[in-house]
Protein chains: 2
Amino acid sequence: MTNKLNLNNLTKSEEDYLKALFQLLIEDNSVKVGNNQLAEYLKVSPASTNNMIKKLKSKNYVVSEKYGKLELTEEGKSIAVRLIRKHRLWETFLCNYLNFSWDEVHEVAEQLEHIKSYKLIDELDRFMDFPTKDPHGEVIPNADGEYSILPKITLSSLEEGAVCQLISVNDASVTFLKYVSEIGLALSSEIKVQEVREFDGSIKIQFNNIQETVTRKFADNVFVKVI
Amino acid sequence: MTNKLNLNNLTKSEEDYLKALFQLLIEDNSVKVGNNQLAEYLKVSPASTNNMIKKLKSKNYVVSEKYGKLELTEEGKSIAVRLIRKHRLWETFLCNYLNFSWDEVHEVAEQLEHIKSYKLIDELDRFMDFPTKDPHGEVIPNADGEYSILPKITLSSLEEGAVCQLISVNDASVTFLKYVSEIGLALSSEIKVQEVREFDGSIKIQFNNIQETVTRKFADNVFVKVI
DNA sequence: TAAATAAGTTAGGCATGACTAACAAATTAA
DNA sequence: TTAATTTGTTAGTCATGCCTAACTTATTTA
Ligand SMILES: [Mn+2]
Ligand SMILES: [Mn+2]
Ligand SMILES: [Mn+2]
Ligand SMILES: [Mn+2]
């Protein structure tokens, strides 16, 4: 008898769409997420998202009115959180046990998160002794799908003179993550905003006796807690 | 710059077909493997295999003449061995680190073997200190794709009075593997063939002071080394 | 060797998930 | 409040990988 528990019957694509919607709606706390925004986020055409949203609505994972904003049902959210949990646990495993650096894990985790087996992920969790943060500082949901979603305050949103601590980073860009490590920044680094330049939005920061000037784009990808 | 080394550009299906062909041709050492045989092995229709074989021929992984037997090119073999290596390393990981039993690993490994990342599998190999056998007794190819293919002598092929050692088992059936453990058999068990019954092919065996009668079908799935 | 059977191929169809191009609705700016 | 722009939808196409039904070729067996 095949264990139906492992099969939620969602395709890789359906899972990816639900996860993307969750990250836009809940993790980024957006007021409105529209069809085109989702398309851009997933790097597919609006026609594709329109199509998939139709399908996810018929399966009761998504709710929306024609021309209206997209929303997730509880079931849709639950699937997304499960995916996020898997993604972050795998990233943690790759970093802590398989010598991956933090800029190498995301791509592989994007694949691993679609492996269907409850036992696999719960045992992996146990094997690592239930980690709570992934290599990029993101909170890992527990087996019940519970986790705290920290407000995403970007380094770029701070004023001159502010002092903060690096909490997490946007993990999707390899070159960005390499850059972060290269200049000596890491999770928990204490950063002082020394100067915000009107002209181009670049920011002069100081940390561990290092001074660096970073672009606005860089600072947009660094999430901090003000202290 | 994306690491193209991780992408051999094969779909999951293409990989599965090449692996299946390899297992029929090389591991089972068949004289001839035909289209329908491959279809039956993969549980798809002959039309499907016919189609895929066409595609694999155009990509130079398979060679065959119309109505002729199927063969793999070196490149085709190499892809298949890489897949087998991944499959068996993952099975080993699941058993040795994540509390899976040997009857639970195959299904999940069927998914994990398609994850594309050279680093992942080589690091997993290193993490486990380069295991040479998977939980079912099968030899794990090394990073260069080298491994010894043991001749598959089935328990059912032995004569009365023969004494042998259990080397490996067919891993694809959950109920079979559970049955093996249940009666107390395991890898390395020393088995004596006490009686082969003409009537139904059933075999009376003895091991660790246990006596059992097993069916021909059961004995077909047990691979042994005569001692 | 001719008929029966087995093995392999082809044609046509379906589901999934992409795409482009054309169009419609909603929002924003003039 | 109309026009421009943005956003969303629809229609039609394509690739992949599966299917069934019908057909062709090869192999058996009588
Ligand atoms: Mn990630
Ligand atoms: Mn992450
Ligand atoms: Mn297996
Ligand atoms: Mn195995």
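In what follows, every chain begins at residue 1, and chains take the letters A, B, ... in the order their sequences are listed. Side chains included, hydrogens not; waters and symmetry mates left out as well; all remaining heavy atoms used.
- The distance between atom CG of A:Asn35 and atom P of C:dA25, rounded to the nearest whole Å, is 16 Å.
- For B:Arg126 and B:Glu123, the salt-bridge test passes: some basic side-chain N is under 4.0 Å from an acidic carboxylate O.
- Between A:Glu65 atom CD and D:dT9 atom C1' there is a gap of 16 Å when expressed in whole angstrom units.
- For D:dG8, the OP1/OP2 oxygens have no side-chain nitrogen or oxygen of A:Asn50 closer than 4.0 Å.
- Applying the salt bridge (charged side-chain N to carboxylate O under 4.0 Å, His left out) test to pairs two or more places apart or on separate chains, those with a residue in residues 10-26 of chain A are A:Lys12-A:Asp16, A:Glu14-A:Lys55, A:Glu14-A:Lys59, A:Glu15-A:Lys116, A:Lys19-A:Glu110, A:Lys19-A:Glu113.
- Remark on DNA chain C: of its neighbouring residues B:Lys69 and A:Lys66, the 5'-side contact belongs to B:Lys69, judged by nearest-heavy-atom nucleotide.
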(Q) Apply side chain to side chain donor-acceptor pair (under 3.5 Å) to residues B:Lys69 and B:Ser64 and explain how you reach the verdict. (A) CA-CA 6 Å; B:Lys69 65 183 179 185; B:Ser64 79; over 6 Å; no
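- Aromatic rings of A:Phe127 and A:Tyr97 (six-membered ring for Trp) have centroids within the 6.0 Å cut-off, being under it.
- The interatomic distance linking A:Asp16 (CG) with C:dA18 (C1') rounds to 13 Å, in whole Å.
- Straight-line distance from the CD1 atom of A:Ile53 to the P atom of D:dG8: 11 Å, rounded to whole Å.
- Rounded to an integer number of Å, the gap from NZ of A:Lys54 to C1' of C:dT16 is 15 Å.
- Atom-to-atom, NZ of A:Lys57 to P of D:dT9 comes out at 7 Å; the value is rounded to the nearest Å.
- Protein atom CG of A:Asn36 is 13 Å distant from nucleotide atom C1' of D:dT5, rounded to whole Å.
- Checked against the 6.0 Å centroid threshold, A:His106 and A:His136 do not count as a close aromatic pair.
- Per the geometry, CG belonging to A:Leu42 stands 13 Å off P belonging to C:dG17, to the nearest Å.
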Within the sub-3.5 Å range, which N or O atoms of nucleotides 17-19 of chain D have a protein N or O partner, and how far apart are they?
from, atom 1, to, atom 2, distance (Å)
D:dG17, OP1, B:Thr11, OG1, 2.4
D:dG17, OP2, B:Lys55, NZ, 2.2
D:dC18, OP1, B:Ser13, OG, 3.1
D:dC18, OP2, B:Tyr17, OH, 3.0
D:dC19, OP2, B:Ser45, N, 2.8
D:dC19, OP2, B:Ser45, OG, 3.1
D:dC19, OP2, B:Ser48, OG, 2.7

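- Of the candidates B:Asp144, B:Asp122, B:Asp134, B:Asp122 is the only one forming a salt bridge (Lys or Arg N to Asp or Glu O under 4.0 Å) with B:Arg85.
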